[in-house]
Number of protein chains: 2
Amino acid sequence: MPNGGQPTIVSIAARAGVSIASVSRVLNGQGARRDTVERVRRAAAELGYVPNAVARSLKDGRTRQLTFAMPDIGNPVYVAMVRAIQAVTKAAGYRLLLHSTDAVAEDELAVLHSLGDRTSDGLILCPIRITDEHIEALTTAAGPVVVIGSLPDGVPVDSVRADSVAGSAMAVAHLFRTGRRRIAFINGPSDTVPGRNRDLGYRTALTACGLPHDEALVVHTDFGIDSGAAAVRRLLPARPDALFCANDQLALGAAHALLARGVRIPEDIAVAGMDDSALAQAGWPPLTSVDLGSSTRGRRAAELLLDRLEARGGTGTAPPPRTTTAPPRLVVRASTAPATDSPVTRTA
Amino acid sequence: MPNGGQPTIVSIAARAGVSIASVSRVLNGQGARRDTVERVRRAAAELGYVPNAVARSLKDGRTRQLTFAMPDIGNPVYVAMVRAIQAVTKAAGYRLLLHSTDAVAEDELAVLHSLGDRTSDGLILCPIRITDEHIEALTTAAGPVVVIGSLPDGVPVDSVRADSVAGSAMAVAHLFRTGRRRIAFINGPSDTVPGRNRDLGYRTALTACGLPHDEALVVHTDFGIDSGAAAVRRLLPARPDALFCANDQLALGAAHALLARGVRIPEDIAVAGMDDSALAQAGWPPLTSVDLGSSTRGRRAAELLLDRLEARGGTGTAPPPRTTTAPPRLVVRASTAPATDSPVTRTA
DNA sequence: GTGAAAGCGCTAACAA
DNA sequence: TTGTTAGCGCTTTCAC
């Protein structure tokens, strides 16, 4: 047995004394004589038959599998996305293939190309950066793709983006409203799209609040809890009364560094993070954070993709690419409660 | 074109003016005349050919896909496993199919049965509980399975387990060594294997330390940060000087509840958690935690599974099932630093 | 209502 | 070295 002993429609047909066509029909709920149905059903049950999904896929050209490719499954943001995507795909009867690109662009391109191997019916891609090669690969992709991230105009692909400009601005405005006037910013790398957007939101909000922009209050670093702590050491001489951090891990590291030197949160310095991951809630005091809608983006991306898959058999022309933006949401927690002592004494 | 316009070996053969067999050979690195090789290569490149993995799978009976099924991808423990598994499978050239069972036993059984559809070559299953049906399904599984969890003897399946008995005992012994004498225990549900094992470890360690076992110091609850906080309220009247929690989320919730009522950690009450997830590090003070080796277990499970897959073509008889136990590791952080005031005054 | 047969895309045995 | 062909397991005409 070249098959490993697994029953196939052939074994069932033999056992039931019918043709394989009848087996197929019965098993797919098509009409057949009562007697035939019964014999096939029984034979299948006795043999413990499970249809071979690979053969079926080859036949009808779809696998009922979807791929999600993201930089790192260790990051809470992507975990939230996986979770949301998983929920949608499962409900729709699709399996989910997970691919960690390790934030390597070539890996992302490889995933894009591998769409051609028909292993999955579609792809949700979360690229770290969009290069010309990405655009080329997206344009010529062998199947439907949804990008989670910001795409230049004209790329014929659905996308779901976060509004980190608005999100950053929300956080800064909130800190201002709670009486903070020297709002420092711990940002991620400045050469990434998210880094630039957060920076833009920060500056915009400062201006809107009528606050000066002080370079001494801004630090660029990489993400990660230790980086947050290190950044604090560099910022303290500038006497900030609030810390806005580009993600929760930075915020957490910053908070720890502050507490370790006896700085009170939020009485002396308020701290706000971004992503509203489990870490924000876990912090002490619990951290105010801006939810950029990872979950929403994941869900939406999955819905868009499924929608493309449905639409396939329909009208000849594919609908134009759609772009959704997930609105940010400020989650206020104890780490940014208004300072009890007069903020006026702190003003620069 | 029933195919969606994708090039196949037929299109390449036509373009290169050779037979499909030649195309296959060239593309699979078999010998051919220089001229033939070149023409096939070029045709394939021009057409942007990508081999159809489904067709290939049907041919050789393997998909190079592995499935990982666990209760909930939102849980840090499973995230750690996914990450480790992903790393191993990726290196071995396998794709990873993720399946969230939502902690529903029927879903676990369904996954087990669906191994028969040949969608993946093997399965790593992380069951919440092992029922007789599980054992039945595991015994008759259509492909290799590795279970992460404790399996009764005689089930012909590889497994990787955590040693939560030893892990719990380590935590308790550590608390004892740092001067604690009234060590409370916030455990998960008592009707689960992990719950029972942690309880056993707790009791064993108490006895080993010569401490009495006080029912008033033990609370059973479900996992989750809120449950931890609620448990603290129930425990405080019993005047504990240490809290051992069955996972990090409970510990975090407990810590928050303590801090909120002005109890100092670790001066007044020490807190230790379990799993050593990112949350433990995120807590304030950073939480001592017992690493039960989620990462190690994931990696090991993947290795065992791959090993089975390799072994397949080998000797007729399959090697006997193997069981690995991941050793627990105590990660000491600030939340259990020795109390500064004499522990003697606290003794019951 | 049922069976024979073609074909999805690929690999490999066999012939030439 | 190359081409023809069978076959992986299934669905689906097309005859009967």
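By convention in this document, chain letters (A, B, ...) are assigned in the order of the sequence lines, proteins followed by strands, and residues within each chain are numbered from 1.
D/dC8 atom C1' lies 9 Å from atom CG of A/Asn52, rounded to whole Å. When rounded to the nearest whole Å, the span between CZ of A/Arg56 and P of D/dC8 equals 18 Å. Between A/Arg118 atom CZ and C/dG9 atom P the separation is 10 Å, expressed in whole Å. In this structure, the CG atom of B/Leu58 is 9 Å from the C1' atom of C/dG9, given to the nearest Å. Summarising the geometry, the separation between NZ on B/Lys59 and C1' on D/dG9 is reported as 12 Å, rounded to the nearest angstrom. One can place CZ of B/Arg25 at 11 Å from P of C/dA12, the figure rounded to the nearest angstrom. As a whole-Å value, the separation of B/Arg64 CZ from C/dT11 C1' is 16 Å. Atom pair B/Asp60:CG and C/dG9:P shows a separation of 17 Å (rounding to whole Å applied).
The backbone N or O of B/Arg64 lies less than 3.5 Å from a partner atom in the side chain of B/Asp121, making a donor-acceptor pair.
Applying a 4.0 Å cut-off to non-hydrogen atoms, the residues of residues 26-39 of chain A that approach DNA chain C are A/Ala32, A/Arg33, A/Thr36, listed by residue number.
A sub-4.0 Å separation between OP1 or OP2 of D/dG3 and a side-chain N or O of B/Ser19 is present. Taking only side-chain nitrogens and oxygens, B/Ser24 never comes nearer than 4.0 Å to OP1 or OP2 of C/dC10.
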Listed pairs under 3.5 Å, donor-acceptor, residues 298-306 of chain A side chains, sequence neighbours left out:
{"from": "A/Arg300", "atom 1": "NE", "to": "A/Thr324", "atom 2": "OG1", "distance (Å)": "3.4"}
{"from": "A/Arg300", "atom 1": "NH1", "to": "A/Glu303", "atom 2": "OE1", "distance (Å)": "3.3"}

Name each donor-acceptor pair under 3.5 Å that joins a side chain in residues 99-106 of chain B to protein atoms two or more places apart or in another chain, with its distance.
{"from": "B/His99", "atom 1": "NE2", "to": "B/Asp107", "atom 2": "OD2", "distance (Å)": "3.4"}
{"from": "B/Thr101", "atom 1": "OG1", "to": "B/Met70", "atom 2": "O", "distance (Å)": "3.3"}
{"from": "B/Thr101", "atom 1": "OG1", "to": "B/Ala103", "atom 2": "N", "distance (Å)": "3.3"}
{"from": "B/Asp102", "atom 1": "OD2", "to": "A/Lys90", "atom 2": "NZ", "distance (Å)": "3.2"}

List, one per line, each side-chain donor-acceptor pair under 3.5 Å for residues 146-153 of chain A, sequence neighbours excluded.
none

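In this structure A/Asp158 satisfies the salt bridge (charged side-chain N to carboxylate O under 4.0 Å, His left out) test together with A/Arg308, A/Arg322, sequence neighbours excluded. In terms of the side-chain contact (heavy atoms from CB on, under 4.5 Å) criterion, residue partners of B/Ile20 (sequence neighbours excluded) are, by chain and number, B/Ile9, B/Val10, B/Ala13.
Nucleic acid contact for B/Val18: sugar-phosphate only, since backbone atoms but no base atoms lie under 4.0 Å from a heavy atom of the residue. Residue B/Ser22 is classed as a sugar-phosphate contact, given heavy-atom separations below 4.0 Å to backbone atoms only.
The pair B/Asp35-B/Arg39 meets the salt-bridge criterion, with a side-chain N (NZ, NE, NH1 or NH2) lying under 4.0 Å from an Asp/Glu carboxylate O.
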